[in-house]
Structures are given as C-alpha cells and as structure tokens.
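Heads up, the thing below is written out as structure tokens.
Side-chain atoms are counted along with the backbone in the values below, which use heavy atoms only and exclude waters and symmetry mates. We count ligands from 1, going down the list as the structure has it; atoms in each ligand are counted the same way.
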Amino acid sequence: MEVGEGVFAYLQRDGSWYLNNAGIIPDRKLSYLIDSAATITRTKALVAEARRLGVGDRVGMVATHHHGDHTNGNAFIDPSFLISHAAVRDELKQGFAVPPAGLFTAVDWGEIELRPPDITFARELTLEVGGRRVELRHLGYPAHTLGDCVVYFPDDRLLFAGDLAFEGGTPFALMGSVRGWLACLGELRLLDVETVVPGHGEICAMGVFDDVERYLRFVLDLAERAIDAAITPLEAAYDSDLGEFADWHNQERIVGNLHRAMAELSGTESGGTMDVAMAFADMVTYNGGPLTCFA
Ligand SMILES: [Zn+2]
C-alpha cells in the first residue's frame, strides 16, 4: 500500500505475534527497506513484493528495533548496509532470533542468521532517500525495547513507528520500559504526522498513541496496586479485568508488562535487564499453553 509518494507499507495480517509490518522505498540508485520479517518464507514474500515495486540490487535497510519479527530476514536480504540505534547491536546478541521451544506454537523459521547493524546512531540520523529527507529518531527513552527508532518522512507527514505503535494489538514493554514509553509519546506528538504505519496492525493515525498511552497507564496502575498487595505479576494479571483492552490481540502480554512495570516501580531492574525468561513462562501459564503464533 502506498503511504507516501513512492513509499510503501508492507502489512502482514493479523498483526499478532511475529506478524510485523515493513516499509519499501524503491529508488533507481539506492532503495531502502524498513525492517524485514520473522521467517525465511515470509522474508521471500517481502522481497518479491519489493522487486515488484522496483527495488533493485542496491538496498539499504533500517531496523526499527532488534526483535526477530523485524530483523530475522535481514541476513537473507543481505543489504548493502543496515542502520539501527546503537543499542540494537547488543540487544540482537542477547536476545533470541528464534524463540526457545515451548513459548510459541510451532513455526517454520528457516535458516536464521544474525545480521548486526553496520551503522548505528544515538539520537538522530538523517537520510536522503529517493531525493527526500528521512529522519531516524530515537525518542530518548527505553520503550518497547532499548533501541527503538521511528522513521519520519516530514514531507509526507508519514511515520513508520516500529513497535512503539501496535494497532489492534496489545503493546509489549517487557524488554523496554513502561514509563520510558510514556515519555516517548510526548516526543512523538511533537511530530507533524498524518499517517502512521504501526509495527503491527493496520495503517492508522496519531490517535493510536492515545490508545497505547491509556493501556500503559492502566498497566502502571495495576502494577502499583499489585506491589501494595504484595502479589506477583501473574497473580495481578489473573485478578485484572482488561476492560476496553480485552479485544486486542495477545492480551497475555499483560503479564510481561506487569513484570516490567513492577520491576520499574520497585527499583529492582537495572539498565533494562530482568528475568525475561520467567516473564515469558508466566505468559504461557496465563495463556494456558504456548502463545499462538501464525508466522
Ligand atoms: Zn517488537
């Protein structure tokens, strides 16, 4: 779908676990891709669409963050260079491209190879893409992960938000920060944007960040009460009524989000490290089995 002049969004429905969106910007000299896909099969489909839209052999890539759905296909695509926020290099090494068995329902991932970024930035990097200005921005705080960046096309009033925006799905802050994400929303709202391509879900507008904000405040509130009641994140999740958020995909993320929020509020996390494996195990328990993955 064309979302800006010569800028295409590649949507993978229904946007639940590992079904991410990507961006394709064909150019005669140097094309760009924003993110790839979770499996080799899905990456091949993305590449076929990119070729159809006019992407040639010279391709630069931007990774909005390190998660496998956005990066697993990068080595297969083998771009001329890969750009990301500086934190992504370490996060890629510490994280898992292919999740440990038992966390998700069975997926044929293919031969996934780790592809570290070639070029990294701390806060902002401006690119010239097809004769237009494109700004990569880290919003200054950990949010969905430590190294999230958004890709802003000011002339098109267009934003590829990566996983700072989930449309129709539950935001996931386990590997970032609930409070940091809220702080990023203030920065995001300063941008002049009409069209948002979320990391998952349908094309939307800036209102998506209002939904994300309401959910994150809901998580913080639950986390505060759970700390006061001296109950675990899993117990707090069982006790909670998701209300208006119950219709979103992957509601089990409430458990991971509570792990993160409670660690933040009680000061038991340091620099984004916490027991992610235990949080995932609790999510599987809450879900009553492996998390449903259609990748
Ligand atoms: Zn992600």
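- The stretch residues 108-117 participates, sequence neighbours left out, in these side-chain hydrogen bond (donor to acceptor under 3.5 Å, both in side chains) pairs: Arg115-Asp118.
- The stretch residues 283-295 participates, sequence neighbours left out, in no side-chain hydrogen bond (donor to acceptor under 3.5 Å, both in side chains) pair at all.
- Apart from Phe294 itself, the hydrophobic cluster it occupies contains Leu19, where clustering links Ile, Leu, Val, Met, Phe, Trp and Tyr at side-chain heavy-atom distances under 4.5 Å.
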Under the ring-ring contact (aromatic ring centres under 6.0 Å, His included) criterion, do His70 and His200 qualify, and how do the steps go? CA-CA 10 Å; His70 300 259; His200 296 257; 5.4 Å; yes
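- Counting only protein atoms, the N, O or S atoms lying less than 2.8 Å from the Zn ion (ligand 1) are His65 NE2, His67 ND1, His144 NE2, Asp163 OD2, ordered by chain and residue number.
- Asp35 and Thr64 are linked by a side-chain donor-acceptor pair at a separation below 3.5 angstrom, with hydrogens and angles left out of the test.
- Rounding to the nearest 0.5 Å gives a distance of 12.0 Å between CZ of Phe160 and SG of Cys149.
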